[in-house]
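One structure is given below, encoded as structure tokens.
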Amino acid sequence: MNQLKNVYIFFSLSLLFIFAGCSFFLLNAQLIGTQKLEDKIEQNSQLYTPIAYLTQKIHSYDKSNAVSIETVNGISCLVLSDDKTKTYIYQKENFLQELYVLSSSVVDLDSGQKLMPCENFDIDINGDIVEMTVLDQHVKVNLRSGGHHA
């Protein structure tokens, strides 16, 4: 009888350890999956935040002759103009930067505000389409106003 009792205890403890081990592996798999998902979300955020920001800025200045490209000190800048001001958006020191100045002011890109990390920023205007490359993603934004100057 004592030997049968030991078998039951051994069997019960074996089931408990198997359950605990399977639970551990299941939780570990869930943690790995959650970490991969968080990494993917962070990667997408770093890619799509600059794209969304630039697209929104272009659409907010979408009127005749308000969107253009200028080169200042060898840096290609997206220039968004209104009656009295200009906004320069450009990449410098691996950051997307923005400089807001009066139209009559001298442009000093060192005074720009760092917005977000960004690499490989390139911009071009072809007809009514603003073509951007941000982090190796190519994006086209249509100008609804139909007017610009380069």
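Note that the coordinates shown come from a computational prediction; the quantities given were computed from them, not determined experimentally.
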| request: Please test L115 against Y53 for side chain to side chain contact (heavy atoms under 4.5 Å, CB included), starting from the C-alpha separation and ending with a verdict. | output: CA-CA 10 Å; L115 298 174; Y53 180 80; 3.4 Å; yes
| said: Please determine whether side chain to side chain contact (heavy atoms under 4.5 Å, CB included) holds for the pair V139 and E131, giving the CA-CA distance in whole Å, both sets of side-chain angles, and the decisive distance to 0.1 Å. | reply: CA-CA 6 Å; V139 179; E131 298 182 35; over 6 Å; no
| request: Show your working on side chain to side chain contact (heavy atoms under 4.5 Å, CB included) between I125 and I129 and close with a plain yes or no. | output: CA-CA 6 Å; I125 298 178; I129 298 174; over 6 Å; no
Quiz: residues 8-30 side-chain donor-acceptor pairs under 3.5 angstrom, not counting sequence neighbours:
unit_1	atom_1	unit_2	atom_2	d
S12	OG	Y8	O	2.9
S14	OG	F10	O	2.8
S23	OG	F19	O	2.8

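Note that the CG atom of L102 and the NZ atom of K86 stand 11.5 Å from one another [nearest 0.5 Å]. Taking CG of D62 as the reference point, atom CG of L143 lies at 5.0 Å (rounded to 0.5 Å). For the atom pair CG of L99 and CD1 of I89, the computed distance is 10.5 Å after rounding to the nearest 0.5 Å. Here the straight-line distance linking atom NZ of K92 with atom SG of C118 works out to 15.0 Å at 0.5 Å rounding. Here CD1 of I58 is found 5.0 Å from CD1 of I123. Values are rounded to the nearest 0.5 Å. Expressed to the nearest 0.5 Å, how far NZ of K140 lies from CG of D124 amounts to 10.5 Å.
Of all heavy-atom pairs spanning A66 and Y61, the tightest one is CB-O, 3.1 Å. Listed here is the closest heavy atom pair of M132 and T55: CE-OG1, 4.0 Å. L109 and Y90 make their closest contact through O-OH, 2.5 Å (heavy atoms, listed as atom of the first residue, atom of the second, distance). Between P50 and P117 the shortest heavy-atom distance is CG-O, 4.3 Å.
With hydrogens and angles left out, the side-chain atoms of Q35 and D39 include a donor and acceptor closer than 3.5 Å.
Within the 3.5 Å criterion, the main-chain N or O of F121 finds no donor-acceptor partner in the side chain of T133. Proximity of a side-chain donor or acceptor of D82 to a complementary backbone N or O of T85 within less than 3.5 Å is detected.
A salt bridge is absent between K114 and E98: the closest approach of a Lys/Arg side-chain nitrogen to an acidic carboxylate oxygen does not fall below 4.0 angstrom.
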